[in-house]
*Asks:* 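Structure below; questions to follow.
Each chain gets a letter, A, B and so on, in the order its sequence line appears, and its residues count up from 1.
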Amino acid sequence: MIKLTNLTFAWHQQAIIEIEALHIEKGQHLFIEGPSGSGKSTLLNLLGGVLTPQQGSISILGQSLQQLSSSQKDSFRSNHIGFIFQQFNLIPYLSVLDNITLPCTFSALRKAKVLKRSESLNAEAIRLLAALGLTDPALLQRNVNQLSVGQQQRVAVARAMLGSPEIIIADEPTSALDANHRQAFIEILFEECKKEDITLIFVSHDTSLKNHFDYHISLPEINKANANLVT
Amino acid sequence: MAILSLAFKSLLNRKLTFFITLFSIAISVTLLLGVQTLKTETNSSFMKSISGTDLIIGSRGASSQLLLSSVFHIGQSTNTIQYATYQEIQKSPAVEWAVPISLGDSHQGYTVMATDLSFFDHFSYANKQHLKVHSGKIDGDMFAVVIGAEVANKLNYAIGDEVIVTHGGGEIEGHHHDNIPFYISAILSPSFTAIDQTLIISLEAMAAMHTDNHGHFGVLPGEETLATDQGHEHHDEATHQEHEHHDEVAHEEHEHHDEATHEEHEHHDEATHEGHEHHDEATHEGHEHHDEATHEGHEHHDEATHEGHEHHDEATHEGHEHHDEATHEGHEHDDQIHSEHRETQDQRVARLLKIKPEKINAIFVGLTSPQAILGMQSYINNYPKEPLSAIIPAVALQELWQFFSLAEIALNIVTVFVVLVGLLGMLSIILMSLNERRREMAILRSVGARPAHIFGLIIGEAGFVCFAGIVLGVALLYLLLAVLQAPLASYYGFYIDINMLTSNDLLILTVIQCSALLIALIPGWLIYKYSLSDGMSIKF
């Protein structure tokens with residue numbers, strides 16, 4: 001599913017990522033433990049095809065990323081990967097529904113998938129929101145900045161899941177949430193990913209969360225660059 | 001399209017900066033187009049100052065000077081064409097019409113132009129439009145004055161009002177020709193030419209004002225003068241009467257010495273008529289003149305067997321005699337005016353004399369065929385009897401306009417900079433927004449936006465702001481023109497025609513739009529770079 005081989009990425013002559021091998025299976029829920037400075041966001045950008053490694057290969061869904069042009073990588077990302085970030089996931093000038101359906105602006109494939117399931121993009125967005133526990137219709141009228149952080153993160157999940165991409169990459173999605181909400185958020189995320197058979201890559205520095213996951217790896221352990229840096 | 005809609009929504013999210021940028025561009029566009037409009041309208045109103053006149057003849061000199069003085073009534077004009085020359089040119093077979101123009105006097109800062117009635121038949125402006133009468137009637141009377149629209153408006157004159165002409169131009173202390181007051185016979189409709197600021201009188205009246213002794217007809221050839229009285233502004237009433245009476249008698253005598261030409265008969269008719277007029281008025285002054293008048297009348301009877309009485313019965317007066325009879329209906333009206341307006345002795349004398357001026361300033365000439373223009377021009381330029389020059393108005397106007405081209409260029413440069421400042425304002429506002437928008441860009445990248453999309457977002461935003469600014473600017477321009485058209489025309493005599501945007505304007509607007517897109521390349525390139533380096537990492 002996702003295969004990293006001898007991956008090296010350096011920024012200004014400084015190696016940031018050096019990973020010999022990493023395999024992620026389909027449908028896996030993987031927790032990657034990564035304190036800040038461990039090359040976490042660089043790894044995510046490499047997976048998303050936004051950054052190009054100097055050496056090694058990344059293969060996602062059997063597609064080798066280095067064979068794609070940068071704009072093909074952008075399309076590939078929008079077709080197959082949903083992202084959830086730590087905070088401020090939403091574009092402030094778009095409505096809740098517009099934020100959720102944003103990926104369909106860039107991915108015809110996901111749009112087609114959505115329309116196969118629901119009659120319109122907005123209907124699917126509302127369905128996803130309901131599945132994520134956001135059923136209040138008044139919510140839709142609100143400016144996204146008026147939503148609570150927990151609500152914002154769930155809207156972000158809805159956006160990542162819209163059109164059922166094969167992979168969701170979540171970068172510290174719970175760090176802005178309090179303990180209760182964190183628990184609920186992770187459960188709902190798991191449930192939805194399981195339903196849609198989505199591979200989830202969850203990156204966090206918070207090791208207490210790794211108990212929820214079947215698989216977990218530690219980025220500093222597999223990233224030699226980081227080890228070199230520390231020692 | 002999706003990107004444009006995003007750009008639009010993003011803009012609306014930043015309403016304040018958006019509207020500030022929008023207005024700065026709109027105002028600069030309005031200014032630029034306004035200057036262009038003003039330029040074309042000034043040019044066209046300038047070019048419309050005269051039309052249908054094939055040649056303007058003046059004394060030898062710079063063509064621009066002749067044009068300025070004869071058409072725009074600007075600058076000093078010198079009386080150098082002999083009236084005889086005018087008469088000769090008029091008779092030339094190539095000449096269809098010729099109108100003499102004499103300048104040099106003013107009334108409260110407005111030019112007084114002396115000409116004859118044919119001026120109204122032949123002078124045209126713009127698209128061969130003739131001067132139109134707004135109120136009153138163009139009157140052949142010697143002391144009738146036709147005033148331009150602005151003169152009437154600014155000085156609040158009405159038909160029948162008395163006007164005193166000042167010697168020389170400008171509002172400097174000058175000699176007032178108050179011995180020869182004029183009455184307003186007609187007010188012209190606005191033509192937006194120099195005529196609006198002009199008072200038009202007859203050549204004879206002009207000549208009457210400018211004879212020796214400041215226009216007082218005291219001294220006539222072969223007459224003994226009452227030198228002490230002459231030239232004083234305020235005569236004792238009795239002396240004045242006496243003096244004038246004396247003049248008149250002397251004048252009569254003088255004329256009797258001449259051969260009795262037809263023209264002289266006319267003069268006598270006038271005299272008779274005048275006398276009767278005063279008689280009819282039966283005013284105090286009229287009574288005083290009674291004797292004199294009848295005396296004149298008697299003299300007339302004795303000496304000439306003309307049908308002066310019939311004329312008198314019809315209540316005509318001299319002014320009509322040497323002009324077209326088509327205006328007979330106007331007589332009653334004219335007489336009404338005359339009865340309100342008491343003539344001075346000088347005027348009565350002037351009526352008798354009815355001398356043409358010796359010299360005039362310019363002649364407007366219409367030729368029988370356009371082919372004759374160049375030939376006639378060279379004939380005039382080599383006129384044997386006196387040094388003359390002839391100009392073709394359209395050519396001279398064009399030449400004169402070249403003088404303004406420097407100011408035009410300066411104005412253009414200023415407005416170009418204004419537009420540039422507007423666009424730079426837009427640039428700085430977009431640049432300032434970039435930092436706060438890097439988060440927005442990262443989100444867009446994560447959902448699959450390419451760097452090109454992000455770039456397009458910025459270019460689209462700039463393009464949209466500029467386009468909206470242009471549309472608003474054009475709307476503002478037309479609003480401004482619509483609001484200012486009437487006041488500009490009525491207070492400044494400057495008529496702005498509201499036209500569609502010219503192809504030149506459209507070209508300018510296209511250049512502005514393209515410049516905005518070009519300028520947006522700077523923030524576009526920056527955000528492109530950011531989006532490559534930031535990737536999906538959200539920077540705070």
*Asks:* Write down the atom of A:Arg77, the atom of B:Arg445, and the distance for their closest heavy-atom approach.
*Replies:* NH2-O, 2.6 Å
*Asks:* Going from NZ on B:Lys9 to CG on A:Asp98, what distance comes out if it is rounded to the nearest 0.5 angstrom?
*Replies:* 4.0 Å
*Asks:* Please give me the minimum heavy-atom distance between B:Ser10 and A:Tyr93, naming the atom from each residue.
*Replies:* CB-CZ, 3.3 Å
*Asks:* Can you confirm whether A:Thr105 sits close enough to B:Ser5 that some side-chain heavy atom of one is under 4.5 Å from a side-chain heavy atom of the other?
*Replies:* no
*Asks:* Looking only at heavy atoms, what is the nearest atom pair of A:Phe106 and B:Leu6, with distance?
*Replies:* CZ-CD1, 4.4 Å
*Asks:* Between B:Arg439 and A:Asn89 (side chain of the first, backbone of the second, donor and acceptor by atom type, cut-off under 3.5 Å), is there such a pair?
*Replies:* no
*Asks:* Should A:Ile91 and B:Asn13 count as side-chain neighbours, where that means a heavy-atom distance under 4.5 Å?
*Replies:* no
*Asks:* For a quick test of reading the model, state the closest non-hydrogen atom pair linking B:Ser446 to A:Phe83 and the distance between them.
*Replies:* O-CD1, 3.5 Å
*Asks:* Output the distance between atom OG (A:Ser70) and atom CZ (B:Arg450), rounded to the nearest 0.5 Å.
*Replies:* 8.5 Å
*Asks:* Just to be sure I understand the criterion: a residue of residues 51-69 of chain A counts if one of its heavy atoms is under 4.5 Å from a heavy atom of chain B. Which ones qualify?
*Replies:* A:Leu51
*Asks:* Check the surroundings of atom CZ in B:Phe404: do more than 12 heavy atoms from other residues, nucleotides or ligands lie under 6.0 Å from it?
*Replies:* yes
*Asks:* Spell out the residues in residues 153-168 of chain A that have some non-hydrogen atom less than 4.5 Å away from a non-hydrogen atom of chain B, in order of number; otherwise answer 'none'.
*Replies:* A:Arg159
*Asks:* Given that the side chain runs from C-beta out, which part of A:Ser71 has a heavy atom under 4.5 Å from chain B: side chain, backbone, both or neither?
*Replies:* both
*Asks:* Could you check whether atom NZ of A:Lys113 has more than 12 heavy atoms from other residues, nucleotides or ligands sitting under 6.0 Å from it?
*Replies:* yes
*Asks:* State the CG-CG distance between A:Leu94 and B:Leu444, to the nearest 0.5 angstrom.
*Replies:* 8.0 Å
*Asks:* Of the non-hydrogen atoms in B:Val447 and A:Ser78, which two are nearest, and what is the gap between them?
*Replies:* O-CB, 3.1 Å
